[in-house]
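First the structure, in the form of structure tokens, and then the observations on it.
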Amino acid sequence: MEWLSQKWKEFWPDKRQPIPCRGYWYGAPCIDPDSTPTFDPMLGFPNGRKERQMHMTLEEMIETRIPAEHRNYCAHKYVDVMKCYRDVPYRQRLFKKACEPVWDEYKHCRYGLEVMQFKEFERERRLRARQKRRIAKGLEPDPNESANAEAL
């Protein structure tokens with residue numbers, strides 16, 4: 001087991017730092033989850049994409065005191081849950097499950113949001129892998145070569 005510990009220390013010497021990601025992770029392009037998309041959002045959608053609409057503005061979310069982690073496309077459902085929690089007595093919520101339908105709607109919205117984020121992440125990963133293959137075949141220029149040439 002000592003050799004495994006040593007290999008891990010070589011790979012990740014300072015545990016206070018995040019795990020390194022040097023462009024490719026186990027052969028697949030490495031993507032920072034907080035990064036913005038690098039490809040055109042309409043790429044691969046000949047008829048276009050349906051744009052998602054926010055149901056609440058940022059000002060409304062701040063005014064209703066929604067915590068930062070809930071300020072997303074499901075904020076309007078979160079407000080409904082909090083109204084139910086405020087208006088319905090605790091015993092009804094606990095024993096009669098009065099707020100459960102509202103909570104289920106909120107959870108369903110959050111699940112859809114997570115699925116959408118996973119799909120976008122996977123789309124970005126596949127487009128980067130496609131770009132890597134096309135560069136290797138010589139079908140498109142390498143965008144990093146011009147940055148490397150400017151650095152020299």
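As a basis for the values below, the full set of heavy atoms in this structure was taken, side chains included, without hydrogen atoms, waters or symmetry mates.
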Fill in: Test side chain to side chain contact (heavy atoms under 4.5 Å, CB included) applied to Lys83 and Arg86, step by step
CA-CA 5 Å; Lys83 281 182 186 175; Arg86 181 191 65 204; 4.0 Å; yes
Worksheet, complete the sentence: So disulfide bond (SG atoms under 2.5 Å apart) across residues 102-142, not counting sequence neighbours, yields Cys74-Cys109
Discussion item. To the closest 0.5 Å, what do you measure between CD (Glu114) and CG (Asn72)?
Written reply: 9.5 Å
Practice prompt. Give a yes or no on whether a salt bridge exists between Glu122 and Lys119, defined as a side-chain N under 4.0 angstrom from a carboxylate O.
Written response: no
Worksheet item: So does Glu120 pair up with Arg49, basic N to acidic O under 4.0 Å?
Response: yes
Fill in: CD on Glu140 to CZ on Arg133, rounded to 0.5 Å
10.5 Å
Practice prompt. Tell me, yes or no, whether the heavy-atom count around Arg52 atom CZ, taken from other residues, nucleotides or ligands under 6.0 Å, exceeds 12.
Written response: yes
Worksheet item: What's in the same ILVMFWY side-chain cluster as Tyr106, cut-off under 4.5 Å, chained through other members?
Response: Met54, Met56, Met61, Ile66, Tyr73, Tyr78, Val79, Val81, Met82, Tyr85, Val102, Trp103, Leu113
Worksheet entry | Minimum-distance pair of heavy atoms, taken over all atoms of Gly44 and Pro46 | O-CD, 3.5 Å
Practice prompt. Sequence neighbours left out, what pairs pass ring pair (Phe, Tyr, Trp, His ring centres under 6.0 Å) with at least one residue falling in residues 37-64?
Written response: His55-His76
Worksheet item: How would you list, by chain and number, every residue that makes a side-chain contact (heavy atoms from CB on, under 4.5 Å) with Asn47, sequence neighbours excluded?
Response: none
Worksheet item: Mind checking who shares a hydrophobic cluster with Ile135, ILVMFWY linked at side-chain heavy-atom distances under 4.5 Å?
Response: none
Discussion item. Tell me the closest heavy-atom pair linking Arg71 and Ile62, and the distance in Å.
Written reply: NH1-CG1, 3.8 Å
Worksheet entry | By side-chain contact (heavy atoms from CB on, under 4.5 Å) - contacts of Tyr90 (at least two apart) | Arg93, Leu94
Practice prompt. Determine whether more than 12 heavy atoms belonging to other residues, nucleotides or ligands lie under 6.0 Å from atom CD of Glu63.
Written response: no
